[in-house]
Engineer: 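The following block contains the structure, expressed as structure tokens.
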Amino acid sequence: MLRRMATPPPPDDGPVYLTIVHPYPLNANLEQPADRRALALWLACCTRNMDVLLAMFHNPTSPGTVIIEVDRRFDGFKDLLGMHLRSTFLLNPTQEESGMASKVFYCTYNSGRLVEMNGWKRVSIEEHWFQGWSPNNSITGRYPYPKTADVPPRS
């Protein structure tokens with residue numbers, strides 16, 4: 001019996017995948033359009049550019065975690081990776097949010113196909129979410145967006 005050909009590896013010029021633990025907004029549910037838009041706007045504030053975001057992925061079995069697809073040509077990965085303290089990027093965080101942080105890491109998956117094969121649902125970025133948006137009138141209220149902190153190693 002013939003074996004199916006192996007899937008070729010992803011191209012070197014493909015997008016980069018990042019994992020976000022505890023993304024903004026608090027308890028985001030990407031099944032809800034308002035939460036999708038809020039997350040996309042926050043990411044646009046972090047990157048200072050809405051055009052580098054390609055897609056978001058969510059998995060109902062992994063609440064509190066999102067995978068994002070970012071254009072490889074983006075030159076600000078250093079500013080995006082790390083710990084985003086809500087007390088520094090929100091003007092008026094709630095008491096619950098003031099002690100929280102969103103953490104951004106490189107993802108272990110290197111292709112959209114692998115992400116989806118492992119149960120993650122793709123949400124494409126929609127241009128109309130960004131109507132009237134610019135980095136200096138962002139939802140976070142802070143411009144320029146504050147630098148990220150280093151993520152402490154697990155003990």
Engineer: To the nearest 0.5 Å, tell me how far N59 CG sits from I67 CD1.
Structural biologist: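 If I round to the nearest 0.5 Å, the distance is 8.0 Å.
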Engineer: How about V66 and I68: do any of their side-chain heavy atoms sit closer than 4.5 Å?
Structural biologist: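 In short, these two side chains touch, coming nearer than 4.5 Å.
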Engineer: Out of F89, W133, W129, which one pairs with W42 under the ring-ring contact (aromatic ring centres under 6.0 Å, His included) rule?
Structural biologist: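 Of all the options given, the one that passes is F89.
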Engineer: How many angstroms lie between atom CD of E97 and atom CG of N92, to the nearest 0.5 angstrom?
Structural biologist: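 Between atom CD of E97 and atom CG of N92 there are 10.5 Å.
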Engineer: Do S124 and R122 come within less than 4.5 Å of each other through their side chains, counting heavy atoms only?
Structural biologist: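 Yes. Closest side-chain heavy atoms under 4.5 Å.
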Engineer: When you compare the side chain of E69 with that of P15, does any pair of heavy atoms fall below 4.5 Å?
Structural biologist: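 A side-chain contact exists here, since the closest heavy-atom pair is under 4.5 Å.
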Engineer: Report whether I125 and M50 are members of the same hydrophobic cluster (ILVMFWY, side-chain heavy atoms less than 4.5 Å apart, transitive linking).
Structural biologist: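 I125 clusters together with M50.
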Engineer: To the closest 0.5 Å, what do you measure between NZ (K103) and CG (L85)?
Structural biologist: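 One finds 9.5 Å between NZ of K103 and CG of L85.
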Engineer: Do side-chain atoms of D35 reach the backbone of L30 as a donor and acceptor pair under 3.5 angstrom?
Structural biologist: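 Side chain of D35 to backbone of L30: no pair is present.
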Engineer: Can I20 and L43 be said to form a side chain to side chain contact (heavy atoms under 4.5 Å, CB included), step by step?
Structural biologist: CA-CA 10 Å; I20 305 173; L43 290 168; 3.6 Å; yes
Engineer: Looking only at non-hydrogen atoms, find the nearest pair between P23 and G64 and report the distance.
Structural biologist: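 Taking every non-hydrogen atom into account, CD-O, 3.5 Å.
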Engineer: Side-chain heavy atoms nearer than 4.5 Å, only ILVMFWY residues, links allowed to pass through others: does that put F77 and V52 together?
Structural biologist: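 Linked within one cluster.
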Engineer: Check the angle between the aromatic planes of H84 and Y145 and answer parallel, tilted or perpendicular using the 30° and 60° thresholds.
Structural biologist: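 It falls in the tilted class, 30° to 60°.
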Engineer: About how many Å separate CG of L39 and NE2 of H58, when rounded to the nearest 0.5 Å?
Structural biologist: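 It comes to 11.0 Å.
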Engineer: What I want to check is whether the side chains of R86 and S102 have a donor and an acceptor closer together than 3.5 Å.
Structural biologist: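 Judged by distance alone, the side chains do pair up.
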Engineer: For N49 and T47, does a side-chain donor sit closer than 3.5 Å to a side-chain acceptor?
Structural biologist: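 The criterion, which ignores hydrogens and geometry beyond distance, is not satisfied for T47 and N49.
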Engineer: I'd like to know if Y17 and L54 are part of one continuous hydrophobic network [Ile/Leu/Val/Met/Phe/Trp/Tyr, side-chain heavy atoms within less than 4.5 Å].
Structural biologist: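 Cluster IDs for L54 and Y17 differ.
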Engineer: Let me confirm one number: the CH2-OG distance from W120 to S62, rounded to the nearest 0.5 Å.
Structural biologist: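 The distance works out to 4.0 Å.
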Engineer: Is there a donor-acceptor pair under 3.5 Å between the side chain of T148 and the backbone N or O of M83?
Structural biologist: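 Checked: no pair found.
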Engineer: F57, L80: one ILVMFWY side-chain cluster at the under-4.5 Å cut-off?
Structural biologist: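 Each belongs to a different hydrophobic cluster.
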Engineer: Linking Ile, Leu, Val, Met, Phe, Trp and Tyr through side-chain heavy atoms less than 4.5 Å apart, which residues share a cluster with M100?
Structural biologist: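 Besides M100, the cluster holds L26.
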Engineer: Does the distance from a Lys or Arg side-chain N to an Asp or Glu carboxylate O, for K121 and E116, drop under 4.0 Å?
Structural biologist: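 The answer is no: the pair does not qualify as a salt bridge.
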Engineer: Are Y106 and F74 grouped together when hydrophobic residues (ILVMFWY) are joined by side-chain heavy atoms under 4.5 angstrom apart?
Structural biologist: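 Yes; tracing contacts between hydrophobic side chains, which count when under 4.5 Å, links both residues.
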Engineer: Pair D51, D71 - check side chain to side chain contact (heavy atoms under 4.5 Å, CB included), show working.
Structural biologist: CA-CA 8 Å; D51 296 326; D71 190 329; over 6 Å; no
